[in-house]
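Numbered from 1 within each chain, the chains take letters A, B, ... in sequence-line order.
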Amino acid sequence: MTVHEGLRGQAAIVGVADAVSPTGELDGSVQALEVAMIREALDDAGLTIGDVDAVFSCTWAGWAPSLGLAEYLGIAPRWTDSTQTGGSSFEVHVEHAAAAIALGLVDVAVIAYAGTPRSSFKRGGSGFASRQTMPGLTPQAEWEMPYGLRMPMGAYALAASRHMAEYGTTSEQMAQIAVDARRWAAMNPRARLQEQISVEDVLASPLEASPLRKLDCCLVTDGAGAVVLTSAERARDLRKPPALVLGTGTCHTHSMISQMPDLTTTGAVVSGALAFAAAGLGPDDVDVVELYDSFTITVLLLLEDLGFCPKGEGGRFVAEGVLGPGGSRPANTTGGGLAYTHPGMFGIFLLVEAVRQLRGECGPRQVAGAEVALAHGSGGVLSAMSTVILGTEATA
Amino acid sequence: MSAADDAPPAPTRFEPPVAPASAPFWDASREQRLVLQWCRDCERPIHYPREACPRCLGTELEFRPASGRGVVYAASVMPKPGNASMAGREPYVVALVDLEEGVRMLSNVVGLRPELVEVGLAVEVTWEPLSDGRHLPLFAAATQA
């Protein structure tokens, strides 16, 4: 594996914004929300739309998302990227942006996302184009859809089933991940679910796809966010302290769950190792982690695959609440996709919170002295993994 | 015995389309024969069928009979239908089955109570008719070890 050590500290996230509501709903179209986030994130950085020369979008309506977004914004970028890997798209975008910035191909990059599935459902819409209703001659239609796997929870349930059988992981252990998410959410006034829950509450919630229950599953809310990147050099003259991109890594292993080589091991083994090697850091150097918590099992697998605990030990690792406030491995400090927001894709929010933690902007949920943060996106059905390690100026 | 013999009346299943590469698989299903695609260059089975081997990109591919025996790799009970065509069948088991030949298939395990379908269960293929004469491969507990 070639490690791109040359990228370490070359680029920085300099502006962030996100919009969520405890009601789970936001006013306005996805276009309006996405543009509002871009405006806010640029303002956060002290930049303007005229500075932007790179646009990243994976969902903007039309045949080519980044073209549509740039047209809407009225800009003519010299770097364009519509990469779509599901919820990890935004971590992949950061990797691409950081590489382009390090090579001098890009000055200022904007990455944005908005989704309003909750409002859409209420209006009688479908929320998202569901994989289960996707028409046409696809491998999924031919080899998965006839069997009625509930999506996406069924795919993750299969992974949980295998992990439990192979390593003795229990539903109680996985439930603790949801309990800790609520403990963080209680300190986040914008979180959708701020009420505290117990392991027993998780186990008593309705079965969605065994062994996963309702409270093992992420939310469906509206939400939007954006991040702005530029060079570390330019970042030093901007409004807020930069979050330097210390290392990145990406790996996808499959598209459909039935093609995943090993349901207990994700591509995060590779993406994490790449990111840590590029950063010259290891798991013990990370102060705060933001892991894509589509389901409780997702967090458990990522903790193992990123090296925060040995393979198979995830259940025992999380069982005592180490992920929660005051724990030894603070994780998902917004409340995550389980309790904060989950508008179809959560990857942008992982980045926004990681940056805010490094800036010390998080109020009651601030992890004291956070210098290194790890944001990890998981896209598809444990398909596409992307790791971004960020650090303060002190880590440069 | 086909799985449909003892199943309650249910809506017609979502019927899988047929990709050009997998036509021999579905043709064999008309006679309730399970076949798998193999690469003649690297002598390994391929699932799902492709136009080229996903290991060596070889195009010398052929279909060979499969034993129909396998082991449950992972399983999940669906308390609600995953799509409209499964309404009335819940609760049912969706499982990944590792076939003897060395490939993995998504399927349903039928004919026993859902909670009895565990990782490691030995299973064998059974068939449910589709409307066009094809059959859908499902799995049931193996009748002999």
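Under the 3.5 Å distance criterion, the side-chain polar atoms of E142(A) are matched with a main-chain donor or acceptor of A19(B). Side-chain atoms of Y48(B) do not come within 3.5 Å of backbone N or O of Q259(A) as any donor-acceptor pair. At distances below 3.5 Å, not a single donor-acceptor pair connects side-chain atoms of S161(A) with backbone N or O atoms of S76(B). Side-chain atoms of R162(A) come within 3.5 Å of backbone N or O of Y73(B) as a donor-acceptor pair.
Shortest non-hydrogen contact noted between P16(B) and P146(A) is CB-CG, 3.8 Å. Looking at every heavy atom in both residues, L137(A) comes nearest to V18(B) through CD1-C, 3.8 Å.
The side-chain heavy atoms of W143(A) and P49(B), taken from C-beta on, include a pair separated by under 4.5 Å.
Interface residue P137(B): backbone and side-chain heavy atoms are both found under 4.5 Å from chain A. Only the side chain of M256(A) comes within less than 4.5 Å of a heavy atom in chain B; its backbone stays farther off.
Chain B forms more heavy-atom pairs under 4.5 Å with one residue of A157(A), A209(A), A165(A) than with any other, namely A209(A). Ranked by heavy-atom pairs under 4.5 Å with chain A, the first of P91(B), A75(B), P114(B), P81(B) is A75(B). Contact count versus chain B (heavy atoms, under 4.5 Å) is highest, among I257(A), L158(A), L212(A), for L158(A). Of the listed residues (K80(B), H47(B), R104(B)), the one with the most heavy-atom contacts under 4.5 Å to chain A is K80(B). Counting heavy-atom pairs under 4.5 Å between each of V103(B), V72(B), N108(B), V93(B) and chain A puts N108(B) at the top.
For E43(B), the CD atom counts as densely surrounded, since its 6.0 Å shell holds more than 12 non-hydrogen atoms of other residues, nucleotides or ligands.
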Residue pair M86(B), Y147(A): steps toward the side chain to side chain contact (heavy atoms under 4.5 Å, CB included) verdict: CA-CA 8 Å; M86(B) 296 301 278; Y147(A) 299 106; 5.9 Å; no
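Considering CG of L96(B) and CD of E144(A), their distance stands at 8.0 Å, rounded to 0.5 Å. Atoms CD and CZ, on E90(B) and R150(A) in that order, are 10.0 Å from each other to the nearest 0.5 Å.
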